[in-house]
Amino acid sequence: MWLGDVGVDGWRLDVAYEISPDFWWEFRRESKSVNPDCLLLGELVHGDYRTWVAPDLLDSGTDYQLHKAFWSSLNDANLWELKYALERAYHSELGVFKELTLLNFLGNHDVTRILSRLDDPRHIYVALIALFTVPGIPCLYYGDEIGLTGRKEDGDQALRRPMLAPDAEWPERKHHLYRETARLAALRKRLPVLSYGRFAALEVSGTQLSYLREKDNQVVVVALNAEDEEASLAIPVGREGVSDGTRFRDALEPNAQTFTVKNGKLKIEPLWPNWGRVLVSES
């Protein structure tokens, strides 16, 4: 009735990991018989997500493992943690979830909001760039785009306050955060490589991380900088098959300079503090 008569697009299924995969197999058959395009999204917290997400089970599930890495790697100045979580999941050969499309999030109605979780609120921009450029489905929790805060230990109502009206008094960082979130969402829609391209980690330090997405001869190199100072990186993209002479332009700064691969490396200078670059290859 809900899928057919009402026309909902699918289901967000609570505590899906507590229910037998046999049930989800049957649930999928019934749901897809009514609407083959409906989305079956399961709440997954523990265990091997491949138990519940598969071509004959759920379409997707919440990736709590990556959620933790998004914020704790920034708080600890340990972007190796984020690199490890991404490689473990999406390495082209060894990634345990490379065949899955999981739901990525910085916050939701069950966890502390991202701005209350980060020790340095300026890192919100690094986290957002990562959210919209790594494999999976980016999910934005309402209010995060205008700077709402809330801690899990203060109860559910702290996490589920009403959304502020456009003419209300927004929190600090309000309109700038809203604008940059919207730009990143539009970029994700515009570049299919960010949704479907292969993933390869490149260089990492405690406060910088770079990685590559590639599909149909289009390459995107993402470079993140969680430092308070500008950085300069020479990223070895040649080992991932990117040829010398390939030019890139920063999609977040459309009028910026181009960057060209030389001797197998893509030199990025400057890499702005508490920000990142999304460099798209030019045909």
Side-chain angles (χ1 to χ4, degrees), residues 66 69-70 73-74 76-95 97-98 122-123 125-136 180 183-184 187-188 190-283:
L66 188 55
F70 277 136
S73 65
L74 291 167
D76 297 339
N78 179 24
L79 287 177
W80 283 283
E81 178 188 4
L82 181 57
K83 174 181 180 286
Y84 172 78
L86 288 166
E87 281 199 308
R88 176 182 179 273
Y90 298 115
H91 188 281
S92 59
E93 296 179 3
L94 304 176
F97 302 141
K98 64 181 183 295
R122 295 174 298 177
H123 287 160
Y125 298 104
V126 179
L128 281 168
I129 293 171
L131 175 70
F132 282 104
T133 57
V134 300
E180 297 308 321
R183 285 211 303 151
L184 287 165
L187 182 65
R188 177 79 180 207
R190 182 167 64 84
L191 296 175
V193 62
L194 295 179
S195 295
Y196 306 109
R198 75 177 181 95
F199 170 86
L202 295 170
E203 292 288 274
V204 65
S205 68
T207 51
Q208 281 98 34
L209 172 65
S210 59
Y211 48 87
L212 173 146
R213 308 294 310 278
E214 181 183 25
K215 180 177 174 58
D216 297 335
N217 297 319
Q218 184 170 60
V219 179
V220 171
V221 174
V222 179
L224 306 175
N225 182 20
E227 273 283 0
D228 293 338
E229 304 292 337
E230 291 181 9
S232 176
L233 300 181
I235 303 173
V237 296
R239 71 189 190 198
E240 292 297 332
V242 182
S243 303
D244 281 2
T246 303
R247 296 192 305 171
F248 290 82
R249 188 178 295 275
D250 190 349
L252 298 179
E253 295 182 18
N255 297 319
Q257 70 193 85
T258 59
F259 301 84
T260 304
V261 179
K262 184 178 181 180
N263 297 325
K265 293 187 176 182
L266 180 63
K267 186 173 183 180
I268 302 176
E269 187 178 23
L271 181 57
W272 306 113
N274 296 305
W275 189 243
R277 289 190 183 273
V278 181
L279 301 174
V280 183
S281 63
E282 295 185 330
S283 56

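Computation of the quantities below employed the complete heavy-atom set of this structure, encompassing side-chain atoms and omitting hydrogens, waters and symmetry-equivalent molecules.
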Taking all non-hydrogen atoms of both residues, which atom of A226 and which atom of V126 are closest, and how far apart?
CA-CG2, 4.3 Å
To the nearest 0.5 Å, tell me how far I268 CD1 sits from L279 CG.
4.5 Å
Mind listing the closest non-hydrogen atom pair of L271 and A223 along with its distance?
CD1-O, 3.7 Å
Return the CG to CH2 distance between L128 and W275, rounded to the nearest 0.5 Å.
8.5 Å
Would a 4.5 Å heavy-atom cut-off, applied to side chains only, mark V193 and V219 as touching?
no
Less than 4.5 Å apart, any side-chain heavy atom of V237 and any of V221?
yes
Qualifying salt bridge (Lys or Arg N to Asp or Glu O under 4.0 Å) pairs, either residue in residues 229-239, two or more places apart:
E203-R239
Just how far is it from atom CD1 of I129 to atom CG of N274, taken to the nearest 0.5 Å?
10.0 Å
Give the intermediate values and the outcome of side chain to side chain contact (heavy atoms under 4.5 Å, CB included) for residues D250 and T258.
CA-CA 7 Å; D250 190 349; T258 59; over 6 Å; no
Considering non-hydrogen atoms only, spot the tightest contact between S73 and L82 and give its length.
OG-CB, 3.7 Å
Take atom NZ of K98 as the centre, draw a 6.0 Å sphere, and report whether it contains more than 12 heavy atoms from other residues, nucleotides or ligands.
yes
What closest approach, in Å, do Y211 and T133 show between heavy atoms, and which atom pair accounts for it?
OH-OG1, 2.5 Å
Taking every non-hydrogen atom, the tightest pair across A77 and T207:
CB-CG2, 4.0 Å
Could you tell me the separation between the CG atom of L212 and the CG atom of L266, rounded to the nearest 0.5 Å?
10.0 Å
Mind jotting down which residue pairs meet the salt bridge (Lys or Arg N to Asp or Glu O under 4.0 Å) criterion with at least one end in residues 205-221? Sequence neighbours excluded, please.
R198-E214
Compare all side-chain heavy atoms of F248 with those of V242 and state whether any distance is below 4.5 angstrom.
yes
Quick one: does S205's side chain have a donor or acceptor within less than 3.5 Å of a partner on Q208's backbone?
yes
From Q218 atom CD to E282 atom CD, the distance as rounded to the nearest 0.5 Å
10.5 Å
Restricting to non-hydrogen atoms, name the atom on N217 and the atom on S281 that form the minimum distance, rounded to 0.1 Å.
O-OG, 4.2 Å
If the threshold is 4.0 Å, N to carboxylate O, is there a salt bridge linking E253 and R277?
yes
D228 side, atom CG; R122 side, atom CZ - distance, nearest 0.5 Å
4.0 Å
Go through it in stages, so that I can follow the logic: the residues are L209 and V222, the test is side chain to side chain contact (heavy atoms under 4.5 Å, CB included), and I'd like the CA-CA distance, side-chain angles, deciding distance and then a yes or no.
CA-CA 8 Å; L209 172 65; V222 179; over 6 Å; no
Can you check side chain to side chain contact (heavy atoms under 4.5 Å, CB included) on V134 and F70, steps first, answer last?
CA-CA 11 Å; V134 300; F70 277 136; 4.2 Å; yes
Main-chain N/O of K265 paired to N263 side chain as donor or acceptor, under 3.5 Å
no
In this structure, are over 12 heavy atoms from other groups packed under 6.0 Å from R183 atom CZ?
yes
